Protein chains: 2
Amino acid sequence: MATIKDVSKETGLSIGTVSRVFNNRGYISKETREKVEAAVKKLNYQPNAIARSLSKSSSNIIGVILPHISHPFFSDLLSYIENATREKGYSLMVFVTKGDEEAELAMINRCRENKVCGLILCSGRFATKKIESNEFPVVAIERNPEGASFAIECNNRQGGRLAAQELIDKGCKNLVSLAGIKGRKMPADDRSTGFEEVCRENSVNFTCLTYPPELYDRLDYTAFIDKVLTERPNTDGIFASSDIIASQVIQVAASKGLKVPEDLKVIGFDDTLIATYTTPQLTTIHQPIKEMAELAVSTLIGLKDEKSATGCTIMNVSLVKRGTT
Amino acid sequence: MATIKDVSKETGLSIGTVSRVFNNRGYISKETREKVEAAVKKLNYQPNAIARSLSKSSSNIIGVILPHISHPFFSDLLSYIENATREKGYSLMVFVTKGDEEAELAMINRCRENKVCGLILCSGRFATKKIESNEFPVVAIERNPEGASFAIECNNRQGGRLAAQELIDKGCKNLVSLAGIKGRKMPADDRSTGFEEVCRENSVNFTCLTYPPELYDRLDYTAFIDKVLTERPNTDGIFASSDIIASQVIQVAASKGLKVPEDLKVIGFDDTLIATYTTPQLTTIHQPIKEMAELAVSTLIGLKDEKSATGCTIMNVSLVKRGTT
DNA sequence: CTGAAAGCGCTTACAG
DNA sequence: CTGAAAGCGCTTACAG
């Protein structure tokens, strides 16, 4: 592997000068530039990002920590984050943790060790505050900021409102909201808040249920849904806080002989691919996942210098009507 | 951020000695070790992986290149790869490319720049051969090796055979295989081969169709499926080369008034989460995704020194019967 | 068992 | 416009 030293020898220029043309720093004569370019080609020179990072003491690596990759919301999110990151010339380092605080701390240490230039923290359990005042900026997506970091979330409350309204408009009288993990505080909790508001405004019966964290970790809610439907046989509308949960509601309903949407209407959240694979297709709340991802990346990159920036952006959601309501 | 220099000062030991205790090289007196440990704690010292990589001229970063993240097969695969990577003490750098050769080359360069210690190449279009003879070993998953790298694939041919057999056992007379991308050679092509074999052995009518690469890139096959079903109205069994395609077959069939499995039987491939979200649930060919991911990672790490290792492991598949056959 | 020194491949003021 | 030199934070033979 050719190094800058080889290019220097090949061209007869000093290492410093060669480095300057690579970085476009200061004035460089046309002749010099051409010499260097020729040598680069000839030697098939590739800069060593590690060495560069060390001397600049900052890398071009963005770290991202998320609770799942297989969950469609997160696989979409990650997909868009990767794309935005790469297009801006950065590389992505990915870590998955199910929200275990200790594990997450270990990952943050990994990020530190690898001198990431920024970190995107997606959902997950614990407060962002604790990792503030660090070497790199962090932006949170759908996560409880509690501190001074920059946060991006969708308008969860509005999403909950839209869901309740749609269910009520379609004639539901006994609603259930399956939104929120027992014992964890997160922006998604606002989904239930909005839902509740609209139910009260319309004097419609409702219950907001939260589920144990294990279900979220394993992505299997069927037993829980079955129990809910059994214990509350007159439920005629369900608001699920993800398309995954909603899909499973459809499955469980079918197994109990309930027709969707005739006997039971359901609304999901996220608007991922699977919303179109169920039968009937899922009515759901659309999250602007792509925009959230892109905003996270560009904010992070913009934050490089002012590490103490603070703020919270709330993105719009919308109702996508399909076949389950 | 404390450096090794600070630890050296704090303990009164030389930098070399401190480094030695971190790396457990040679003999170190108990007293020295304790002093260092105390200093580390006091200063909250964290090693700089970048600096270490530079001096060892090799990092602890594994690179992975894949064509999709949102596709359930790849999100599962990536998920397992991340887990295996992290458990072995490595970090994961993720790149997505839809198989464009130039883009992929650029990503391989990124890996080179970042001095990854190994690369996992998932599916995608172009030959692995071209990136051989490099600084790092590469292992391919579901990809045409064509060169000297190490490859892992599932028994695609057997998968095709199992699918055809199941469809025939259930009484199908006119089969269609939707497996393979037009103009790209990949291990998954063997799915059709096995399918064809069994159809011939049983003298059953069949057609093997390939689809244009754009469909794979966008993950939307509905128009194509619709055309197939319209042009071949007597089709009574479809073998789709992924659960995604199979899900869309179910949707399209419904839109045309075809009942699954009564009028049309369908089998998918992969056995990912979405196979359980369709109605009816998908009969599919199970790929050992987790095992493939883990084997890829451990092989890669084992290959570190013998970069020229060669081989191909073929993993078993099995038929998972659910509701679409 | 430990220290001194060279080296990994770059960047960046500082001179000139 | 270009060169020489220090420095980024570590590792690793080589002495002792």
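Letters go in sequence order (proteins before strands), and every chain restarts at 1. The shown structure was predicted, so the numbers you read here are calculated from the model rather than taken from an experiment.
Spacing between atom NZ of K115(B) and atom C1' of dC10(C) amounts to 12 Å, rounded to whole angstrom units. Taking atom CZ of residue R33(A) and atom P of nucleotide dT2(D), one finds them 10 Å apart after rounding to whole Å. The CG-P distance, from N24(B) to dT2(C), rounds to 13 Å in whole Å. Rounding to whole angstrom units, NZ of residue K56(B) and C1' of dC10(D) are separated by 10 Å. Regarding N23(A), its CG atom lies at a distance of 14 Å from the C1' atom of dA13(C), rounded to whole Å. The CD atom of E34(B) sits 14 Å away from the P atom of dC1(C) (whole-angstrom rounding). For the pair K9(A) NZ and dG9(C) C1', the computed distance is 13 Å after rounding to whole Å. Rounded to whole Å, atom C1' of dC8(C) lies 10 Å from atom NZ of K5(A).
With sequence neighbours excluded, no residue forms a side chain to side chain contact (heavy atoms under 4.5 Å, CB included) with A38(A). Among residues two or more places apart in sequence or in another chain, the salt bridge (charged side-chain N to carboxylate O under 4.0 Å, His left out) test is passed with R86(A) by E82(A). Taking the side chain to side chain contact (heavy atoms under 4.5 Å, CB included) definition, one finds that V18(A) meets it with I4(A), V7(A), S8(A), T11(A), L13(A), F22(A), V36(A), sequence neighbours left out. With sequence neighbours left out, the side-chain hydrogen bond (donor to acceptor under 3.5 Å, both in side chains) criterion links R33(A) to N24(A). Annotation: side chain to side chain contact (heavy atoms under 4.5 Å, CB included) contacts of A293(B) (sequence neighbours excluded): L77(B), Y80(B), I81(B). Qualifying salt bridge (charged side-chain N to carboxylate O under 4.0 Å, His left out) partners for E10(B), counting only residues two or more places apart in sequence or in other chains: K42(B). Residues passing the ring-ring contact (aromatic ring centres under 6.0 Å, His included) test with F95(B): none are found, sequence neighbours excluded. A search for salt bridge (charged side-chain N to carboxylate O under 4.0 Å, His left out) contacts involving K290(A) returns E294(A), not counting sequence neighbours. Residues meeting the salt bridge (charged side-chain N to carboxylate O under 4.0 Å, His left out) test with K5(A), sequence neighbours left out: none.
In this structure, L54(B) reaches the bases: a heavy-atom distance under 4.0 Å links it to at least one base atom across the strands shown. T32(A) comes within contact range of the sugar-phosphate backbone alone, with a heavy-atom separation under 4.0 Å but no base atom that close.
Look at T3(B) and you won't find any side-chain N or O under 4.0 angstrom from OP1 or OP2 of dG9(D).
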Inset, instruction - Go ahead and write out DNA chain D as dot-bracket, 5' to 3': ( ) for pairs within the strand, [ ] for ones crossing earlier pairs, | when the partner sits on another strand, dots for unpaired; Watson-Crick or G-U wobble, both distances under 3.5 Å. - result: |||.||||||||.|||

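The residue among I4(A) and I28(B) whose nearest nucleotide of DNA chain C lies closer to the 5′ end is I28(B). Residues E31(B) and S57(B) each lie close to DNA chain C; by heavy-atom proximity, the contact nearer the 5' end of the strand is made by E31(B).
One finds a salt bridge joining R184(A) and D217(A) here, because a Lys/Arg side-chain nitrogen approaches an Asp/Glu carboxylate oxygen to under 4.0 Å.
Shown for residues 42-52 of chain A: residues whose heavy atoms fall under 4.0 angstrom of DNA chain C, namely Y45(A), Q46(A), P47(A), N48(A), A51(A), R52(A). Shown for residues 15-22 of chain A: residues whose heavy atoms fall under 4.0 angstrom of DNA chain D, namely T17(A), R20(A).
Side-chain rings of H68(A) and F73(A) stay apart, their centers remaining 6.0 Å or farther from each other.
Residue S55(B) places its side chain closer to dC8(C) than to any other of dA4(D), dC8(C), dC1(C).
In this structure the side chain of M315(B) reaches within 4.5 angstrom of the side chain of L295(B), judged on heavy atoms.
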